Amino acid sequence: MAKKITSRSEDYSKWYNDIVVDADLAQHSDVKGCMVIKPYGYAIWERMKDVLDKKFKETGHMNAYFPLLIPKSYFSKEAAHVEGFAKECAVVTHYRLMNDPNGGGVIVDPDAKLEEELIIRPTSETIIWNTYRKWIQSYRDLPLLINQWANVVRWEMRTRLFLRTTEFLWQEGHTAHATKTEAQEETSRMLEVYADFAEGWMAMPVIKGNKTESERFAGALDTLCIEARMQDGKALQAGTSHFLGQNFARAFDVKFATKEGGQELVWATSWGVSTRLMGALVMTHSDDAGLVLPPKLAPIEVVIVPIYKGQDQMDEIVSKCREIESQLRDAGIRVKLDADDSKRSGWKFAEYELKGVPLRLAIGPRDLEKGSCELARRDTRTKSFESLENIATHVRTLLDTIQNDLLSTAQTRLKENTVTVDTWAEFKAAIKAEKFVMAHWDGTSKTEDWISQDTKASIRCLPFDTEITPGICVKTGNPSPRRVLFAKAY
RNA sequence: CGGGGCGUGGCCCAGCCCGGUUAAGGCGCCUGGUUUGGGACCAGGAGAUCGCAGGUUCGAAUCCUGCCGCCCCGACCA
């Protein structure tokens, strides 16, 4: 029977869950707030990782790995940082279990209490900076450009598959520099890497900008972000890059000898993206028939489905399909031939649509006769017939077209749903209509809070790529140096 | 932490109010056959300590008490 996905208009949130589960990306685990990323979902994450990892290497970074467990005392060293994370840390207090003497199974051994409790990392700044102190002696050791792929745990009250889970996978870059300027440049450089990735691979347009003070990372002097707009109109922070100043260097006493022989504190950055990008990907392109994946990240770019009656025809058509499969594979296309005889073609069509495979190539007896095939695009759900001559070239071109079309569709949607307003009434109406809203703001946290309590919308960022002209605050009427981006957010 | 929902073969779930054969159905799985251009059909088959622990009763999936777990909606956050 058909797997029926809830439509977006009926219940957006259910639609999202249906896609994640039915497209085989992930499922809830038995542990509250934690998910199992299934092979198909993980394959997409691996694509993301591969591309990003390459970009990190190209910008001079190397990977390393730091411990999952962090001594509790490290957290107290940077005041703002503790403040930000204390509320959501899982704590390890014991190191041994024992059989319950009363027969109740296994219990924590009360004699195995840790002298110093350990925190499961919610992020690794503290342990990394504690390590960097030992690594950095001289200006010759700088810049230190390290990235780590890891899991982290943040004890959130409410979770959603990929968007916010108790444990998630991510990458965290941590760099140390001799000068403020260099560190700031690094912060911007990595934000550009993220923006490139979002647009170039995920086909997801993003707005780059600075966070306001209240939305800043705990311990940062400046947080840059990319914000994307989901189909329900909510903003999703897809990546962040932080300029940490000398806060962590000071907290962990990381100094270097300058050329002139002095001792100075190093300048720091950190930046990260997480499996949350999976959620962003789903909510950017997918439709009521299921997942839609951009070719560049799709584990399978093309699925070949043979159509036949009887064993003889099957043999003939499947062997033709194998030929095409190897042609496509030789052209560097990720292709899967599904010759499973126990599933009918109609079942396969539906299945691969649900799973977001960008292109389906079907060959039946009529095609074989004509030397053609049927190509069906997942994004537009349109079909065309192509000659089997130069099929790899056709397919390559079509995949590129799909990739570009997904981006431009998303760009158009973003543009059409971003509005500029000048009055409070317009502002409220626009937010209610789930728009991205460019409006003047007087720059105070007080007004920011006030607006967000009133409308549920927050300042997503102070966008870079926009004209900076003064005006008056949409809420208070006080002078405003520039417009900022408001939206409801995930 | 508040409000709601749910827990029954691998999955979706009926049954519970009003206790009483062998716990129903669909999907999936296995065997055989017919099929195959948009989620096929027929026949046969396997698979369940009804979330856990007590209690009431001749008898509990069903009633009572306690516990556990998950999901959804809100307050906090990537």
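Values in this document were obtained by computation on a predicted structure and should not be read as measured data. In the text below, chain A, chain B and the rest are named by the order of the sequence lines, each starting its count at 1.
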Distance check needed: [N] [atom2] versus [X] [atom1], whole Å only.
{"X": "A/Gln237", "N": "B/C77", "atom1": "CD", "atom2": "P", "result": "12 Å"}
{"X": "A/Gln27", "N": "B/C71", "atom1": "CD", "atom2": "C1'", "result": "14 Å"}
{"X": "A/Lys343", "N": "B/G37", "atom1": "NZ", "atom2": "C1'", "result": "19 Å"}
{"X": "A/Asp315", "N": "B/U36", "atom1": "CG", "atom2": "C1'", "result": "14 Å"}
{"X": "A/Leu224", "N": "B/A78", "atom1": "CG", "atom2": "P", "result": "15 Å"}
{"X": "A/Leu354", "N": "B/G38", "atom1": "CG", "atom2": "P", "result": "18 Å"}
{"X": "A/Asp449", "N": "B/A75", "atom1": "CG", "atom2": "P", "result": "14 Å"}
{"X": "A/Lys309", "N": "B/U34", "atom1": "NZ", "atom2": "P", "result": "16 Å"}

Check whether any side-chain N or O of [X] sits under 4.0 Å from OP1 or OP2 of [N], and answer yes or no.
{"X": "A/His28", "N": "B/C71", "result": "yes"}
{"X": "A/Lys456", "N": "B/A75", "result": "yes"}
{"X": "A/Arg160", "N": "B/C77", "result": "no"}
{"X": "A/Arg158", "N": "B/C77", "result": "no"}
{"X": "A/Asn17", "N": "B/C71", "result": "no"}
{"X": "A/Ser345", "N": "B/G39", "result": "no"}
{"X": "A/Arg344", "N": "B/A40", "result": "yes"}

Under a 3.5 Å limit for both distances, which nucleotide forms a Watson-Crick or G-U wobble pair with [N], could you say?
{"N": "B/C11", "answer": "B/G26"}
{"N": "B/A40", "answer": "B/U34"}
{"N": "B/A78", "answer": "none"}
{"N": "B/C70", "answer": "B/G5"}
{"N": "B/U65", "answer": "B/A53"}
{"N": "B/G20", "answer": "B/C58"}

Check: A/Phe85 ring centroid to A/Phe217 ring centroid under 6.0 Å
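They qualify: ring centres under 6.0 Å apart.
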Do A/His81 and A/Trp129 make the cut of ring centroids closer than 6.0 angstrom?
no
Examine [X] relative to [Y] and say whether NZ or CZ is less than 6.0 Å from the centre of the six-membered ring and inside a 45° cone about the ring axis.
{"X": "A/Lys355", "Y": "A/Tyr352", "answer": "no"}
{"X": "A/Lys87", "Y": "A/Trp155", "answer": "no"}
{"X": "A/Lys234", "Y": "A/Tyr490", "answer": "yes"}

[X] near the nucleic acid: base, sugar-phosphate alone, or nothing, with a heavy-atom cut-off under 4.0 Å?
{"X": "A/Gly310", "result": "base"}
{"X": "A/Gly33", "result": "sugar-phosphate"}
{"X": "A/Val31", "result": "sugar-phosphate"}
{"X": "A/Ser458", "result": "nothing"}
{"X": "A/Phe168", "result": "base"}
{"X": "A/Glu156", "result": "base"}
{"X": "A/Gln313", "result": "nothing"}
{"X": "A/Leu163", "result": "base"}
{"X": "A/Ser13", "result": "sugar-phosphate"}

On RNA chain B, nearest-nucleotide positions of A/Arg216 versus A/Leu161: which is more 5'?
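Nearer the 5' end of the strand: A/Leu161.
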Map A/Leu368 and A/Arg460 onto RNA chain B by nearest heavy atom, then report which one ends up closer to the 5' terminus.
A/Leu368
Taking the minimum atom-to-atom distance to the side chain of [X], which one of [options] wins?
{"X": "A/Tyr308", "options": "B/G38, B/U36, B/G39", "result": "B/U36"}
{"X": "A/Lys32", "options": "B/U36, B/C76, B/C70", "result": "B/C70"}
{"X": "A/Arg164", "options": "B/A78, B/G39, B/G37", "result": "B/A78"}

[N] versus [M] - spacing of their [atom1] atoms, nearest Å:
{"N": "B/A24", "M": "B/G66", "atom1": "P", "value": "32 Å"}
{"N": "B/G47", "M": "B/C11", "atom1": "C1'", "value": "13 Å"}
{"N": "B/G51", "M": "B/G7", "atom1": "P", "value": "8 Å"}
{"N": "B/G19", "M": "B/C64", "atom1": "C1'", "value": "13 Å"}
{"N": "B/G55", "M": "B/G45", "atom1": "C1'", "value": "40 Å"}
{"N": "B/C50", "M": "B/A60", "atom1": "P", "value": "12 Å"}
{"N": "B/C72", "M": "B/C12", "atom1": "P", "value": "14 Å"}
{"N": "B/G2", "M": "B/G9", "atom1": "P", "value": "30 Å"}

For the pair A/Gln148 (side chain) and A/Glu172 (backbone), establish whether a donor and an acceptor sit closer than 3.5 Å, ignoring hydrogens and angles.
no
Given 3.5 Å as the limit, does a donor-acceptor pair link the side chain of A/Arg378 with the main chain of A/Pro294, or not?
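No.
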Give the ring-plane orientation class for A/Phe168 versus A/Trp170, where under 30° counts as parallel, over 60° as perpendicular and anything between as tilted.
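Rings of A/Phe168 and A/Trp170: perpendicular, over 60°.
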Anything under 30° is parallel, anything over 60° is perpendicular, the rest tilted; go ahead and classify A/Phe243 against A/Trp267.
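A/Phe243 vs A/Trp267 ring planes: parallel.
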